[in-house]
Protein chains: 2
Amino acid sequence: MLASAAELDYRPNVWARNLASGQTNTIGVMLNDLHNPYFAELAEGVAAGATENGMEVLITSGWQREAGENAAIETLLNLRTDGIVLGAARFGSEAFSEMAQQIPTVAVSNFHEPDAMDTLCNDEAYGAELIVEHLTSLGHTRIVHIDAGNAPGAPERRKGFTTAMSQRGLAPIVFEGDFNEQSAREAAVDIMKLKEPPTAIFAANDLAASGVFAHLRSVGVRIPDDVSVVGYDDTVLAGLGAISLTTVRQPVQMFGRRATELLIERINGRQDAKHELLRPSLVVRSTTGPVPASP
Amino acid sequence: MLASAAELDYRPNVWARNLASGQTNTIGVMLNDLHNPYFAELAEGVAAGATENGMEVLITSGWQREAGENAAIETLLNLRTDGIVLGAARFGSEAFSEMAQQIPTVAVSNFHEPDAMDTLCNDEAYGAELIVEHLTSLGHTRIVHIDAGNAPGAPERRKGFTTAMSQRGLAPIVFEGDFNEQSAREAAVDIMKLKEPPTAIFAANDLAASGVFAHLRSVGVRIPDDVSVVGYDDTVLAGLGAISLTTVRQPVQMFGRRATELLIERINGRQDAKHELLRPSLVVRSTTGPVPASP
DNA sequence: CTGAAAGCGCTAACAA
DNA sequence: TTGTTAGCGCTTTCAG
């Protein structure tokens, strides 16, 4: 009688079941940092995919530290989850490839480890192209990109920007920055000192755009009347009424769902590695507008 | 030889160990929603506390839905973690007290279930008092609070506000709002229509403050020259250069650490419930200033 | 102090 | 089909 089992609140012992069956019916998700909404959304996507497939999800976080990531992975490895979705920041450490040999793994990142694991990542270049297309269609020609050096995804965004600009016969101007407010703010100071300041600035991500935004505001430059500003990632701050930033949205939830699918394929025996690129989309808000009439 | 065990990458089977020992050496954390930085920080505090005590941490999320929370708890219950830290939004559901009977539980919330579990919560009234004290010391007397109805923590903040105002012989004015931008923005519209608009607005939380901020900006009111704005929670957006909001910071990490301590006490046999209130602190940024000279 | 044996609560393979 | 039994890989107990 199933009912009575429930009534007597009998709870099957997962430890015993897993031990006997050698399976856990659980997907482990290792996140670099829970504070990052990107990773939260990734986990949500995995949870959605897992639920659809009747699997459980367990999350561990590396708290932004490499040692933390390794410990988090170790926890999952010890738990012997059926597979692991990796939302890690620090790749290349051999720990990851080693792990992929032990357990079905799919990484969501700009990292490519040809065969050990599957990878899923955002088509950064396409996102940059969306931005350039949007701005040029508004009449902008002097567009500056504040990059984020070699931070994950940044080189691809930069490359996408320069390519898209060149294809349109425009000069791609790049200033050095990073994925934070401060460095973008400093870059913005330099940018506005140019003999011919740009009419649009494409920041490395939303946070950087917020830094640009803050500086332009503080020196009386109107947005988007004088200068258009674009971010990248569509984080919460982009949607804030006080900012309302035009940005590019990565299909992060989709990463999670797709990661689950790939993982299940692996669990079912697929051996060859798949590497997929998913396309982001443009979110137009209030920080971009037509190029101002020349003075 | 320990070394050889590691070299042969032998990995003790947690399932078997837990089955045999009846312990897991793991703390489960059930979070209402991973997207909320509050919960991320809570989990981080638990992780810190757990690491210090040589325990592992496993996280599940309810994805903001009650059914999700219940499923997340069920997962943890099935895993038979040694204890559970509850970072839940929806309390009062009998599921929680039932669970607390089955497994050591500590809840971080404004919820009080006298004996089934320990609870930890922010001293909301004290936080409201910090704000009133800060504003009155700047000379403000006409202070309006936009509340969040009966949302978790909101009644206590409102109560703290009215008490602190009354104690200082000031009239506590409260407008109805919620923990989001839109409703606070609407409240701000009404507030600025008052015959005598306030010189300071204390919003229910940072997001609400952002809504107020956006409205005031849009109608040309200067912050803090004309009106001071205060938020609550010190979320990321408060620190943004474009906003730089004065706010109140809850000791969320401390919640996590303390929750772990209480949990370990419970695991070691304590039966009586503890209910603790932790004090927040004021974070002064750029949205508060001296009361403007009367016109 | 070291080593063998008996479970922990299930699943899976086998026998009836 | 249903019922029985042998492990899964540990910990713990008990004997040596």
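Throughout, a chain's letter reflects where its sequence line sits, starting with A, and its residues are numbered from 1.
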Checklist entry - Is any side-chain heavy atom of B:V85 closer than 4.5 Å to a side-chain heavy atom of B:M30? => result no
Checklist entry - For atom CG of B:D272, is the number of surrounding heavy atoms from other residues, nucleotides or ligands below 6.0 Å larger than 12? => result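 Yes, enclosed.
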Checklist entry - Does B:R249 pair with B:D206 as a salt bridge, N-O distance under 4.0 Å? => result no
Next on the checklist: With a 4.0 Å cut-off on N to O distance, would you call A:E261 and A:K274 a salt bridge?
Outcome noted: no
May I have the distance from [X] (atom [atom1]) to [N] (atom [atom2]), rounded to whole angstrom?
{"X": "A:L19", "N": "D:dC8", "atom1": "CG", "atom2": "P", "value": "9 Å"}
{"X": "A:R17", "N": "D:dC10", "atom1": "CZ", "atom2": "P", "value": "20 Å"}
{"X": "B:N13", "N": "C:dC8", "atom1": "CG", "atom2": "P", "value": "18 Å"}
{"X": "A:Q23", "N": "C:dC10", "atom1": "CD", "atom2": "P", "value": "17 Å"}
{"X": "B:N18", "N": "D:dT12", "atom1": "CG", "atom2": "C1'", "value": "15 Å"}
{"X": "A:R80", "N": "D:dC8", "atom1": "CZ", "atom2": "C1'", "value": "11 Å"}
{"X": "A:L79", "N": "D:dC10", "atom1": "CG", "atom2": "C1'", "value": "15 Å"}
{"X": "B:W15", "N": "D:dT11", "atom1": "CH2", "atom2": "P", "value": "15 Å"}

Checklist entry - When you measure from the side chain of B:A16, which nucleotide among D:dT12, D:dC10, C:dA12 comes out closest? => result D:dC10
